[in-house]
Amino acid sequence: MSPSPADLKARLLPLRKALYDFEAAAVQQALQDLLAPQASVQLGHPYPEMSGPEAFYAHAWAPLAAAWPDLERRETIVLAGTTEAGDNWVGCCGFYTGTFQAPWWDIPPTGHQVAMRFHEFYRILNGQVHEVQALWDLPEVMLQAQAWPLAPSLGREWQVPGPATQDGLCLEATPEASATSRQTVLDMLTAMVRHPAEGGPEVMELERFWHPRMSWYGPAGIGTGRGIAGFRRWHQIPFLKAMPDRGQHADGLVSHFFAEGPYVAVTGWPNMRQTLTDDGWLGIAPAGQPLTLRSLDFWRLEAGKIRENWVLVDLMDVYQQLGVDVLARMRDYTAPRQRPVSSFQV
């Protein structure tokens, strides 16, 4: 019998509490208690693949806390569930915040409070976390530091809100309601990948699945789109124009879907594969190159339709696959703020 969502979330609670009032020893102890010694940890580019609690702390939280000494974690959604394959996951959505006082990944400090979105997924087996798949939105910090090295976002860049219903941390759900929400999202995704291979936008049946006042909260570099028209204009049309073979290369991809009440989540590493053949997405030239994407999502349904969708995509990894080092470009862009121009050499 699978553990209940409440039991799964309770197992993660000590780490979540320790990260709220960040204190190094408490966080390290919570990680030791929670993670299996050889737990697989993947945090997206530019982080290395990690194994175990010590590496997770040393590579991820320790440098962040050194740059943001008053670091705290704020959550907006926490849900748990069991996938069709029988895996138990907890998904957390929110943002880290603090005063940016020292360089982090060479992003220049601002001296002001900053915020960075996160989507973190923890797979729990026999009471321990054996796998972490997570994304931290580093480009969002670059934007706040006025260190943006890439093309401007088409959508709205802002501090993305939590659920309009303010219930993402206190879910009450029956298994039947969770299953219905999950199936709605799966049906939506099945319809969505019919376009453009099987016809025009009508084959996606967007009005069937998406609320007329939907909000699609994309990562920094893409931004937010409001309503179906905003979602299509600021994200979907450029995305599909550039990679029209979306959904046609599923070999080797795995997506982990689970739901709790009106909330649905997915993680996968990677969970999309397509080919960049045309112009229009992120200002990237059509390279004719296959790409894999890591997309970690949360959806909230209302009256049977999706009203909010929080999306993080590892865009820095996309650029890395294309031979573009985003951090190196950011360092060049901010070089005059880091050392005198007279010291530059060719």
Side-chain angles (χ1 to χ4, degrees), residues 2-13 16 74-95 117-124 133-135 159-193 204-219 224-228 230-231 235-236 255-268 271 295-313:
S2 298
S4 70
D7 290 340
L8 293 170
K9 287 186 283 190
R11 189 68 190 95
L12 209 67
L13 187 58
R16 295 165 50 207
R74 298 187 186 177
E75 298 174 330
T76 56
I77 302 170
V78 177
L79 72 152
T82 302
T83 68
E84 283 194 337
D87 294 324
N88 301 310
W89 287 87
V90 178
C92 305
C93 173
F95 60 94
R117 290 172 65 190
F118 69 81
H119 289 181
E120 297 175 0
F121 289 82
Y122 298 83
R123 183 172 63 85
I124 297 178
Q133 297 181 357
L135 290 176
Q159 186 167 336
V160 166
T165 46
Q166 299 294 301
D167 61 353
L169 300 179
C170 51
L171 299 178
E172 295 183 2
T174 64
E176 294 76 17
S178 301
T180 297
S181 297
R182 180 180 178 276
Q183 192 59 51
T184 297
V185 168
L186 290 173
D187 291 345
M188 176 274 295
L189 293 171
T190 298
M192 190 168 283
V193 298
M204 295 185 290
E205 302 181 86
L206 294 175
E207 290 78 7
R208 173 187 167 194
F209 295 106
W210 295 86
H211 193 283
R213 297 191 181 187
M214 63 166 282
S215 291
W216 187 89
Y217 308 117
T224 289
R226 172 72 167 176
I228 292 174
F231 163 65
H235 169 60
Q236 190 186 53
S255 295
H256 308 284
F257 285 92
F258 57 99
E260 189 174 358
Y263 288 86
V264 184
V266 68
T267 185
N271 53 6
S295 180
L296 281 56
D297 290 29
F298 294 83
W299 294 267
R300 183 182 71 82
L301 282 73
E302 187 174 303
K305 294 189 176 185
I306 301 165
R307 182 143 187 176
E308 295 181 283
N309 184 192
W310 294 262
V311 181
L312 283 184
V313 180

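The first residue of the sequence shown is numbered 1, and numbering continues consecutively from there.
Between Thr76 and Phe298, every side-chain heavy-atom pair lies at or beyond the 4.5 Å cut-off. Residues Thr184 and Lys305 fail the side-chain proximity criterion, which asks for heavy atoms closer than 4.5 Å. Between Trp299 and Arg182, the closest side-chain pair of non-hydrogen atoms is not below 4.5 Å. Between Tyr263 and Ser181, the closest side-chain pair of non-hydrogen atoms is not below 4.5 Å. Between Phe258 and Leu79 there is a side-chain heavy-atom pair separated by less than 4.5 Å. For the pair Glu302/Arg213, no side-chain contact is recorded, criterion being any heavy-atom separation below 4.5 Å from C-beta on. Contact annotation: the side chain of Val185 approaches that of Leu301 to within less than 4.5 Å [non-hydrogen atoms, C-beta and beyond]. You'll find the side chain of Ser255 stays beyond 4.5 Å of the side chain of Leu189, heavy atoms only.
Between Tyr217 and Trp310, the ring planes are tilted. Angles from 30° to 60° get that label. Using cut-offs of 30° and 60° for the angle between ring planes, the Phe231 and Trp216 rings count as tilted.
Interatomic distance, NE2 of His119 versus OG1 of Thr267, reported as 10.5 Å (0.5 Å rounding). In this structure, Arg307 CZ and Thr165 OG1 are separated by 9.5 Å, a value rounded to the nearest 0.5 Å. Taken from CD in Glu260 to CD1 in Ile77, the straight-line distance is 11.5 Å, to the nearest 0.5 Å. Rounding to the nearest 0.5 Å places CG of Asp7 at 10.5 Å from NZ of Lys9. In this structure, CG on Leu13 lies 13.0 Å from CG on Leu8, to the nearest 0.5 angstrom. Once rounded to the nearest 0.5 Å, the distance linking CG of Asn271 with CG of Leu296 reads 7.0 Å.
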Hey, mind stepping through Met214 and Asn309 against side-chain contact (heavy atoms from CB on, under 4.5 Å) and telling me if it holds? CA-CA 8 Å; Met214 63 166 282; Asn309 184 192; 5.8 Å; no

Just do the side-chain contact (heavy atoms from CB on, under 4.5 Å) check on Thr180 and Gln183 with the steps written out, would you? CA-CA 5 Å; Thr180 297; Gln183 192 59 51; 5.9 Å; no

Take Gln133 and His256, measure what side-chain contact (heavy atoms from CB on, under 4.5 Å) needs, and give me the verdict at the end. CA-CA 11 Å; Gln133 297 181 357; His256 308 284; 4.2 Å; yes

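Ser178 places a side-chain N or O within 3.5 Å of a backbone atom of Gly261 that can act as its donor or acceptor partner.
Applying the 6.0 Å contact sphere to CD of Gln166 captures more than 12 heavy atoms from other residues, nucleotides or ligands.
A salt bridge between Arg16 and Glu120 is absent, with no side-chain N of the basic residue lying under 4.0 Å from a carboxylate O of the acidic one.
A pairwise comparison of heavy atoms in Cys92 and Glu75 identifies SG-OE2, 4.2 Å as the closest pair.
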